[in-house]
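Just so you know, these numbers come straight off a predicted model, no measurement behind them.
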Amino acid sequence: MALELYNTLSRSLEPFRPLDPPRVRVYGCGPTVYDYPHIGNYRSFLVYDLLHRYLEWSGFQVQLVVNLTDVDDRTIEAAARSGVSLREYTHPFTEAFLADTRTLGILPADAYPVATEYVDKMVEFVAQLLGKGLAYTTEDGSVYFSIAAFPGYGKLSRVDPEALRAGARVAVDNYGKDDVRDFALWKSAKPADEAAGAAWDSPWGRGRPGWHLECSVMSITELGETLDVHMGGEDLVFPHHEDEIAQSEGVTGKPFVRHWLHVKHLLVEGRKMSKSLGNFIVVRDLLEAGHEPAAIRHLLLSAQYRSELNFTMEGLEASGRAVQRLLDFEARIEEVPVATDAPTAGLAELATTALEAFRDGMDDDLNTADALAALFVLVGQGNAALDRAGPVPPAEREAIQKVLASIDRVLGLVEVAGASRTLDPGTITRVDQMVEERRAARSVRDFARADAIRRELLERGIVLEDSANGTRWKVVGRVEGTVSHG
RNA sequence: GGCGCCGUAGCCAAGCGGUAAGGCAGAGGACUGCAAAUCCUCGAUCCCCAGUUCGAAUCUGGGCGGCGCCUCCA
């Protein structure tokens with residue numbers, strides 16, 4: 001089976017067929033940098049990353065572009081309130097976004113275009129739409145797209161343009177449109193725009209680009225007139241993506257996007273996340289509360305991207321333990337004794353089966369719940385097999401390790417957990433010393449002393465595991481501070 | 001009102017016509033100085049009702065319940 005993706009345009013599962021394989025052009029709607037992106041944003045960004053990783057894993061050459069919206073009502077208002085320029089205001093949030101991205105193991109996109117750097121191209125784009133009779137100017141110097149002039153309008157969201165007109169709520173900033181359904185391509189500058197440095201010259205006077213226009217222009221500039229995949233949150237289907245199609249196809253006359261992917265909104269503690277409900281979660285808050293990035297990543301990937309996902313603190317802790325189980329298995333495999341003449345433990349077959357099941361799950365519209373299950377079946381059956389076996393043939397150990405590594409190139413759980421659990425060499429030395437001290441205590445059956453040391457390390461997130469072959473230790477959760485020898 | 005989604009064990013979540021994956025939590029057991037890790041054992045009349053079918057969690061119809069978008073919110 002090959003990859004199938006659900007396409008919002010057709011409302012059905014379709015075989016993934018890029019225009020120009022093995023090259024794949026992917027565009028994802030990124031954050032508006034007016035505040036710290038919340039955990040729901042990262043569900044989407046993580047799905048972008050998942051597709052990015054899985055396509056590369058499957059042999060495609062992916063070019064991924066994720067835009068940053070730095071000019072829109074919210075960034076302008078916020079900048080005005082803070083009394084700084086747009087650029088000054090958005091910069092820290094841009095940096096925060098990129099930092100969170102690294103923390104969560106989201107691979108860098110090939111480009112992160114920012115809207116303010118594409119204004120010239122946007123002006124050109126608007127001029128073309130005007131030239132084709134798909135847009136019109138208003139007295140105040142704004143330009144609107146004329147929905148009535150674009151026959152395909154509504155094909156993505158399946159909204160009936162006529163019904164839209166009847167039920168429309170009139171926009172607050174309705175400057176004098178021909179039709180309430182029309183949307184802004186270019187907005188004439190208001191004093192606040194000028195104050196924030198969010199106004200540019202155009203043939204229609206000073207103004208700024210409309211939000212929908214930004215994505216059309218940046219994606220076409222960076223990736224070409226037809227994108228293989230365009231992604232975003234489900235809320236973007238209408239009007240944002242519908243409008244992007246109208247603009248883009250209006251100008252190019254070509255299909256804008258082959259596969260439209262939309263990520264279902266996250267719930268937090270069973271409710272829609274919103275500032276008024278006080279359940280707005282930001283990555284940095286979770287980290288400060290001691291949750292590790294790998295647990296966040298696991299939880300956000302634990303349900304398929306089109307299905308509801310309820311983000312809860314209880315779930316986050318459960319995810320942390322699930323990640324730990326995976327790491328424990330990896331460590332166990334690493335340390336299992338090998339012997340060239342050892343009898344088979346059946347590990348190679350387990351590895352093959354797991355990889356196939358993983359691929360089947362991912363091919364099925366990125367069904368991460370299924371893919372994750374395949375991985376954990378390997379963990380469970382692998383552990384059971386190792387319990388039964390003594391030393392194993394080196395090739396079998398290698399087979400398991402290869403599959404674990406391969407799967408993790410897509411899921412990135414071990415990768416992210418490893419990154420947040422790294423100890424400095426000095427700490428490692430001190431832990432080793434304490435473990436040795438405890439070994440000595442145990443050898444003379446001084447269990448009180450031994451348990452005290454174990455407890456002390458545990459408080460610092462280090463867990464000891466005794467076995468016949470000695471004691472191994474591991475970092476659990478996020479590393480905080482350093483371990484001092486007490 | 002328009003468009004759409006969902007209801008599977010305590011929690012999360014697969015399943016897409018052939019008698020229920022996986023994770024977390026819980027109980028008992030093995031192992032252990034005690035733990036930790038690991039293994040073994042234990043748990044679901046799949047919201048309700050009526051149909052279609054040899055057979056339905058899976059299809060159809062009707063209820064009930066929850067949710068999303070239609071507001072420059074991923």
*Starting from the C-alpha separation in whole Å, work towards a yes-or-no answer on side chain to side chain donor-acceptor pair (under 3.5 Å) for Thr312(A) and Asn310(A).*
CA-CA 6 Å; Thr312(A) 64; Asn310(A) 187 12; 5.7 Å; no
*Under 4.0 Å between any heavy atoms, over every strand shown, what does Arg472(A) touch: base, sugar-phosphate, or nothing? Just pick one.*
nothing
*Do any side-chain nitrogens or oxygens of Arg442(A) fall under 4.0 Å of OP1 or OP2 in G33(B)?*
no
*Looking at every strand, decide which applies to Phe447(A) at a 4.0 Å heavy-atom threshold: base, sugar-phosphate, or nothing.*
base
*Round to a whole Å and report the spacing from CG of Asp235(A) to P of C67(B).*
18 Å
*So what does Val263(A) touch, heavy atoms closer than 4.0 Å: a base, only the sugar-phosphate, or nothing?*
nothing
*Does the side chain of Leu3(A) come within less than 4.5 Å of Met362(A)'s, by heavy atoms?*
no
_Does Gln304(A) reach a base, just sugar-phosphate, or nothing at all? Heavy atoms under 4.0 Å._
sugar-phosphate
*How would you label the contact of Gly380(A) with the nucleic acid (heavy atoms, under 4.0 Å): base, sugar-phosphate, or nothing?*
sugar-phosphate
_Per Leu267(A) side chain, nearest of listed nucleotides G15(B), G33(B), C67(B)_ = C67(B)
*Which is true for Gly40(A) with a 4.0 Å heavy-atom rule: it touches a base, it touches only sugar-phosphate, or it touches nothing?*
base
*asked:* Check this for me, if you would: do Arg442(A) and Asp466(A) make a salt bridge, where the nitrogen-to-carboxylate-oxygen distance has to be below 4.0 angstrom?
replied: yes
*Between A14(B) and Asn367(A), is there an OP1 or OP2 to side-chain N/O distance shorter than 4.0 Å?*
no
*asked:* Tell me whether His38(A) and A74(B) count as stacked here, given that the ring centres must be under 5.5 Å apart and the planes must differ by less than 30 degrees.
replied: no
_Can you say whether a donor on the side chain of Arg454(A) sits under 3.5 Å from an acceptor on the base of A35(B), or the other way round?_
yes
*Between the base of C34(B) and the side chain of Asp466(A), is there a donor-acceptor distance below 3.5 Å?*
yes
*Could you tell me whether Leu464(A) contacts a base, only the sugar-phosphate backbone, or nothing, with contacts defined as non-hydrogen atoms closer than 4.0 Å?*
base
*Nucleotide forming a Watson-Crick or wobble pair with U32(B), both distances under 3.5 Å*: none
*asked:* Between A44(B) and A14(B), how far apart are the two C1' atoms, rounded to whole Å?
replied: 15 Å
*NA contact type, Val377(A), heavy-atom cut-off 4.0 Å: base, sugar-phosphate, or nothing?*
sugar-phosphate
_Any side-chain donor near an acceptor of the partner, His262(A) and His241(A), under 3.5 Å_ = yes
*Can you tell which of G22(B), C3(B), A74(B) lies closest to the side chain of Arg11(A)?*
C3(B)
*Would you indicate whether the side-chain heavy atoms of Tyr48(A) and Ile106(A) approach each other to under 4.5 Å?*
no
*Answer with base, sugar-phosphate or nothing: what part of the nucleic acid does Arg306(A) contact at a heavy-atom distance below 4.0 Å?*
nothing
*What distance, rounded to whole Å, do you find between the two P atoms, one in G10(B) and one in A27(B)?*
16 Å
*Considering just the side-chain nitrogens and oxygens of Arg325(A), establish if one lies under 4.0 Å of OP1 or OP2 belonging to U38(B).*
yes
*With nearest nucleotides of RNA chain B determined for Ser157(A) and Asn310(A) from heavy-atom distances, which residue corresponds to the more 5′ nucleotide?*
Ser157(A)
*Give none if G15(B) has no partner; otherwise give the nucleotide forming a Watson-Crick or G-U wobble pair with it, both distances under 3.5 Å.*
U8(B)
*In whole Å, what separates the C1' atom of U19(B) from that of U8(B)?*
15 Å
_Base G33(B) to side chain Asp451(A), donor-acceptor N/O within 3.5 Å cut-off_ = yes
*Indicate whether any N or O donor in one side chain lies under 3.5 Å from an N or O acceptor in the other, for Glu356(A) and Thr352(A).*
no
*Taking NZ, NE, NH1 and NH2 as the nitrogens, is one of them in Asp408(A) or Arg53(A) under 4.0 Å from a carboxylate oxygen of the other?*
no
*Does Lys272(A) have a side-chain nitrogen or oxygen under 4.0 Å from the phosphate oxygens OP1 or OP2 of C69(B)?*
yes
_Atom pair distance, as rounded to whole Å: CG in Leu309(A) and P in G66(B)_ = 21 Å
*Would you classify Arg438(A) as touching base, sugar-phosphate or nothing, given that sugar-phosphate means primed atoms plus P, OP1 and OP2, and contacts are heavy atoms under 4.0 Å?*
base
*Sort out the partner of A57(B) for me: Watson-Crick or G-U wobble, both distances under 3.5 Å, none otherwise.*
none
*Report yes if at least one side-chain N or O of Ser307(A) is closer than 4.0 Å to OP1 or OP2 of A14(B); otherwise report no.*
yes
*Select one nucleotide: of A13(B), C39(B), C69(B), the one nearest the side-chain heavy atoms of Ala384(A).*
C39(B)
*Quick one: Met313(A) CE to A25(B) C1', roughly how many Å, whole number?*
18 Å
*Length of the line joining Lys474(A):NZ and U38(B):C1', which is rounded to integer Å*: 10 Å
*Hey, is the side chain of Arg388(A) pairing donor to acceptor with the base of C39(B) inside 3.5 Å?*
no
*Can you check whether Arg158(A) has a side-chain N or O nearer than 4.0 Å to OP1 or OP2 of G4(B)?*
no
*asked:* Taking the nucleotide of RNA chain B with the nearest heavy atom to each, does His298(A) or Pro31(A) sit closer to the 5' end?
replied: His298(A)
*Whole Å only: how far is the CD1 atom of Ile296(A) from the P atom of G23(B)?*
22 Å
*Mind checking the C1' distance from G33(B) to G22(B)? Whole angstroms is fine.*
35 Å
*Residue matched to A74(B) through Watson-Crick or wobble contacts both under 3.5 angstrom*: none
*For the side chain of Asn383(A), counting heavy atoms from C-beta on, which of G22(B), C39(B), A74(B) is nearest?*
C39(B)
*Thr69(A) and Asn67(A): side chain donor to acceptor below 3.5 Å*: yes
*Round to a whole Å and report the spacing from CD of Gln381(A) to P of U38(B).*
15 Å
_Quick one, Trp200(A) with Arg208(A), criterion side-chain contact (heavy atoms from CB on, under 4.5 Å). Give me CA distance, side-chain angles, the key distance, then yes/no._
CA-CA 6 Å; Trp200(A) 291 263; Arg208(A) 61 180 173 95; 3.9 Å; yes
_Applying a 4.0 Å non-hydrogen cut-off, can you work out what Glu234(A) is touching in the nucleic acid: base, sugar-phosphate, or nothing?_
sugar-phosphate
*Just checking Ala318(A): base, sugar-phosphate only, or nothing, at a heavy-atom cut-off of under 4.0 Å?*
sugar-phosphate
_N/O (side chain, Arg332(A)) to phosphate O (OP1/OP2, U38(B)) under 4.0 Å_ = no
*His240(A) has an atom NE2; how far is it from atom P of A74(B), in whole Å?*
9 Å
*When you get a sec, tell me which of U71(B), A74(B), C24(B) is the closest nucleotide to the side chain of Arg74(A)?*
A74(B)
*Provide the Watson-Crick or G-U wobble partner of C69(B), both distances under 3.5 Å; none if there is no partner.*
G2(B)
*asked:* Testing the 3.5 Å rule here: is there a donor-acceptor pair between the side chains of Asp365(A) and Tyr305(A)?
replied: yes
*Could you work out the separation of A9(B) and C47(B) based on their C1' atoms and round it to a whole Å?*
14 Å
*Pick base, sugar-phosphate or nothing for Ala369(A), based on heavy-atom distances below 4.0 Å to the nucleic acid.*
base
*With both distances under 3.5 Å as the test, what is the Watson-Crick or G-U wobble partner of C42(B)?*
G26(B)
*Tyr305(A) OH to G68(B) P: how many Å, rounded?*
21 Å
